[in-house]
Amino acid sequence: MATARIIDFFNTRNPATPCLVVDLDVVADNFTKFRRALPLSKIFYAVKANPAPEILRLLADMGSSFDCASVAEIEMALEAGATPDRISYGNTIKKERDIAAAYAHGVTMYAVDCEAEVEKVARAAPATRVFCRILTDGEGAEWPLSRKFGCVPEMATDVLKHAVSLGLTAHGISFHVGSQMTTVDAWDLPLSHARTIFDAMAEAGVQLKMVNMGGGFPTRYLKDIPTAEAYGSAIFDALSKHFGNRMPETIIEPGRGMVGNAGVIKSEVVLISNKSANDNVRWVYLDIGKFGGLAETMDEAIRYEIKTPRDGADKTPCVLAGPTCDSADVLYEKNAYPMPVTLTIGDEIFIEGTGAYTTTYSAVAFNGFEPLKAYVI
Ligand SMILES: *Cc1c(COP(=O)(O)O)cnc(C)c1O
C-alpha cells in the first residue's frame, strides 16, 4: 500500500515510470507480524518474491532465515549476512553441480520430492538433511502451484527411507498450500498427511523432526484478507490437532506475505482508445505490462488495486494492456477493469501491492523496454 514514505518519495523524487518503490518499514512490520502470529515457527523468507539486497539485509538483521531456489539466491542470502545454517535449498529441481556449490557454501538442508533427487543430494552434499515435499491440491489459492512440486504423501516415506539408506538425515516434510491462499484452514489437510508420514517413519525407526509449512500467506489486493493472527491460530490449531504434545519443529516460508504490500508501482497511461465507433469498452494502455513485471496477471489470476488521480469520477469497464508489441501483453480483458471515465493519456497511476513477484519477473529488454526499476526506501 502507498505509505506516507512512498507517497513522499514519489512527490519529492518524481521518478520516471514505470518503477517500483518498496518501503522497508512495511517489510519489517510484516516480519514482526509473522513472528508474533507463529512464535514457535522459524521464518525462512522465500527470496524469489523479492531479492532486493536491502530487503534481504533487513530480514537477515531481524533474524530471518532464507528459502532459496538457486545458488545465486543462496549467495544473495549469504551476502546479506545470513549464515549457511539459516539457508534452505528449497527447490526440488536442482542440478547436481548446484547442490555441490550449495554444499561448498555450507548449506545443509535440501528439499527433495523423489528418489532421483535424493541420490543427487547424497552424492553432492553427503550427510546433510533432506525434507520431502508433498503435493497439495492448491484449492483456495489464487496462484496455485499445481502438481509441479511434491510427491503424493504415500510416496514420501519411500523417498525419505531412501535418503536414510544413502546416509542422509531424513529431517522432515514440506508442503506449500499454494500462493495467495485466502483460506486459513488450508494447512490442516497437509498437516494431517505430515503426521501420518511421521508415524510411518517412526515405525521404520526414523524420527522426523521438522515440518516446513511453506508460504501461501496472502497480500491484500482488491479483496480483504484474513490477518496474520488468523493464519497463525488456524495453523497452530491444526498442528495441535495432528501432533498433540509431540510438536515438531516448524518452518514457514512467506514470500508474497512478507513483501507484497510493501511496494507500489507508478505507471503512466500511454494511450486510451476504442476498437470501433460504437465500442463501449475502452482500451487503456499503460507503460507497464506482463513483460514489465506484472506477469502474475497471467490468466488474470492476480488482480491488483489501481489508484488514479481521477478516482472520484464515474467508472467504465476498460481492457488494461501493456506497451509491448505482443498480443499476450494484456492484463485484464475477460474481466474488464473499471477505470474513471475521465482518465486521460499521460495520467500517472499507482498499482498497489506490487512488492512481490514483479521486479524479477520483468523481461531483460523485450521490445527495448528496460527492466522494472526499483527503489527500496
Ligand atoms: C515460492 C515459494 C514460497 C513463497 O510462496 P508465497 O506464496 O509467495 O508465500 C515458499 N516456499 C517455496 C518452496 C516456494 O517455492
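Whatever order the structure lists ligands and atoms in, that order sets their numbers, starting from 1. Everything numeric in this text was worked out from a predicted model, so none of it was measured.
Under 4.0 Å from ligand 1, heavy atoms of S179 appear from its side chain as well as its backbone. Within the 4.0 Å heavy-atom criterion, neither part of F149 lies near ligand 1. Of all the heavy atoms of N91, none lies under 4.0 Å from any atom of ligand 1, so neither backbone nor side chain is involved. If you look at M181 next to ligand 1, there are no close heavy atoms at all, none under 4.0 Å.
Of the polar atoms of G215, none of the N or O atoms is found under 3.5 Å from an N or O of ligand 1, judged by distance alone. Close N/O approach between H176 and ligand 1 is found [any backbone or side-chain N/O within under 3.5 Å]. Considering both main-chain and side-chain atoms, Q180 never comes within under 3.5 Å of ligand 1 through any nitrogen or oxygen pair.
Listed by atom number, the atoms of ligand 1 under 4.0 Å from E253 heavy atoms are 3 (C), 4 (C), 9 (O), 10 (C), 11 (N), 12 (C), 13 (C). Remark: ligand 1 atoms within the under-4.0 Å shell around heavy atoms of R256 are 6 (P), 8 (O), 9 (O). Proximity to D67 (heavy-atom distance under 4.0 Å) selects the following atoms of ligand 1: 10 (C), 11 (N), 12 (C), 13 (C), 14 (C). Every atom of ligand 1 with a heavy atom of A46 under 4.0 Å away is listed here by number and element: 3 (C), 4 (C), 10 (C). Every atom of ligand 1 with a heavy atom of G255 under 4.0 Å away is listed here by number and element: 4 (C), 6 (P), 8 (O), 9 (O).
Atom CD of residue E79 and atom CD1 of residue I74 lie 14.0 Å apart, to the nearest 0.5 angstrom.
The protein non-hydrogen atom at the shortest distance from atom 1 (C) of ligand 1 is K48 NZ, 1.2 Å.
Looking at K290 and Y361, their side chains never come closer than 4.5 Å, going by heavy atoms from C-beta outward. Inter-residue side-chain proximity for P18 and L372 is flagged as met; some heavy-atom pair is nearer than 4.5 Å. By the 4.5 Å heavy-atom criterion applied to side chains, E348 and F10 are not counted as neighbours.
With respect to R195 and D199, a salt bridge is recorded, a charged nitrogen being found less than 4.0 Å from a carboxylate O. E142 has no carboxylate O lying under 4.0 Å from a charged side-chain N of R256, or vice versa, which leaves the two without a salt bridge.
Remark: distances from the non-hydrogen atoms of Y357 to ligand 1 include one below 4.0 Å. Not a single heavy atom of G257 sits less than 4.0 Å from an atom of ligand 1. The closest approach between any non-hydrogen atom of R133 and ligand 1 is below 4.0 Å.
With a 6.0 Å cutoff to the six-membered ring centre and a 45° limit on the axis angle, K94 counts as a cation-pi contact of Y89.
Between Y45 and F66, the two ring planes are perpendicular [angle over 60°; tilted spans 30° to 60°]. Aromatic ring orientation, Y375 versus F9: tilted (interplanar angle from 30° to 60°).
Looking at T136, its side chain does come within 3.5 Å of a backbone N or O of H176 through a donor-acceptor pair.
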